K.L.:
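Take a look at this one; I'll ask things after.
No hydrogens, no waters, no symmetry mates; every other heavy atom, side chains included, goes into these values. Sequential numbering from 1 along the given sequence is applied to the chain's residues. This is a predicted model, so every value here is computed, not measured.
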Amino acid sequence: MIKQIVQYIVVFILVGTTSFFLHQFLLPDDNLSFNKLLQEAYIFHFIFSLSVIVTFQLFSKNEKFFAQLGFIYMGTLVFKIVAYTAMCYPQLMGDQYLPRFYRASLLIPVFVFLGLEVFFVSKILERR
């Protein structure tokens, strides 16, 4: 089980850092305030998604929790969306000026880490 958790961490680090640096490289200018926000978004999704995967790996060993993991995942997904929206509320909802391109760009980490989450959660659920 520890070997699998280490593999998850390595994959998350590789995919997350590659995506982050590629994302920054492809941005049209060096907006420092947006780069800080982008970095915070990647860190938030990295930590949250990795903790979900590790928790699911641990819960999958318990038969009582295993039957409910799909419902637990839907709840954590809703919580993640609410927490991320609360974190980036001024930028996402227009209270602070941010061009639409940059607002949409903040969704890239969501999709990168959501893809990883879904992939690993489905592998955990298939294994049983």
K.L.:
Decide yes or no for Phe56 and Ile72: does some side-chain heavy atom of the first lie under 4.5 Å from some side-chain heavy atom of the second?
P.N.:
yes
K.L.:
If the condition is side-chain hydrogen bond (donor to acceptor under 3.5 Å, both in side chains), which residues does Ser105 pass it with, not counting sequence neighbours?
P.N.:
His23
K.L.:
How long is the straight-line distance from CG of Leu125 back to OG of Ser60, given to the nearest 0.5 Å?
P.N.:
8.0 Å
K.L.:
List the residues meeting side chain to side chain contact (heavy atoms under 4.5 Å, CB included) with Gln24, not counting sequence neighbours, and say none if there are none.
P.N.:
Phe20, Phe21, Asn35, Leu38
K.L.:
When rounded to the nearest 0.5 angstrom, what distance separates NZ in Lys61 from CD1 in Ile124?
P.N.:
9.0 Å
K.L.:
State the OG1-CG distance between Thr18 and Leu22, to the nearest 0.5 angstrom.
P.N.:
8.0 Å
K.L.:
Which heavy atom of Phe113 sits nearest to which heavy atom of Ser49, and what is that distance?
P.N.:
CB-OG, 3.5 Å
K.L.:
For Leu27 and Phe101, run side-chain contact (heavy atoms from CB on, under 4.5 Å): C-alpha distance rounded to whole Å, both residues' side-chain angles, the deciding distance at 0.1 Å, then the answer.
P.N.:
CA-CA 10 Å; Leu27 286 176; Phe101 172 77; 3.9 Å; yes
K.L.:
How long is the span from the CD atom in Glu117 to the OG1 atom in Thr76, to the nearest 0.5 Å?
P.N.:
6.5 Å
K.L.:
Go through the structure and list residues passing side chain to side chain contact (heavy atoms under 4.5 Å, CB included) with Phe59, not counting sequence neighbours.
P.N.:
Thr55, Phe65, Leu69
K.L.:
Judged by atom type as modelled, is there a donor-acceptor pair below 3.5 Å linking the side chain of Ser19 to the main-chain atoms of Gly16?
P.N.:
no
K.L.:
Using residues 8-15 as the side-chain source, report each donor-acceptor pair under 3.5 Å to any protein atom, sequence neighbours left out, with the distance given to one decimal.
P.N.:
residue	atom	partner	partner atom	Å
Tyr8	OH	Gln57	OE1	3.0
Tyr8	OH	Arg127	NH2	3.3

K.L.:
Go through the structure and list residues passing side chain to side chain contact (heavy atoms under 4.5 Å, CB included) with Phe71, not counting sequence neighbours.
P.N.:
Gln68, Met74
K.L.:
Excluding sequence neighbours, so at least two apart, what forms ring pair (Phe, Tyr, Trp, His ring centres under 6.0 Å) with Phe44?
P.N.:
Phe48, Tyr84
K.L.:
Output the distance between atom NE2 (His45) and atom CD (Glu40), rounded to the nearest 0.5 Å.
P.N.:
11.5 Å
K.L.:
To the nearest 0.5 Å, what is the distance between CG on Leu106 and CE on Met87?
P.N.:
8.0 Å
K.L.:
Treat each ILVMFWY residue as a node, draw an edge where side-chain heavy atoms are under 4.5 Å apart, and state whether Val78 and Tyr73 are in one component.
P.N.:
no
K.L.:
Ignoring hydrogens, what is the shortest heavy-atom contact between Lys80 and Leu114? Give both atom names and the distance.
P.N.:
NZ-N, 4.4 Å
K.L.:
Same cluster or not: are Phe111 and Phe25 linked, directly or through other Ile, Leu, Val, Met, Phe, Trp or Tyr residues, by side-chain heavy atoms under 4.5 angstrom apart?
P.N.:
no
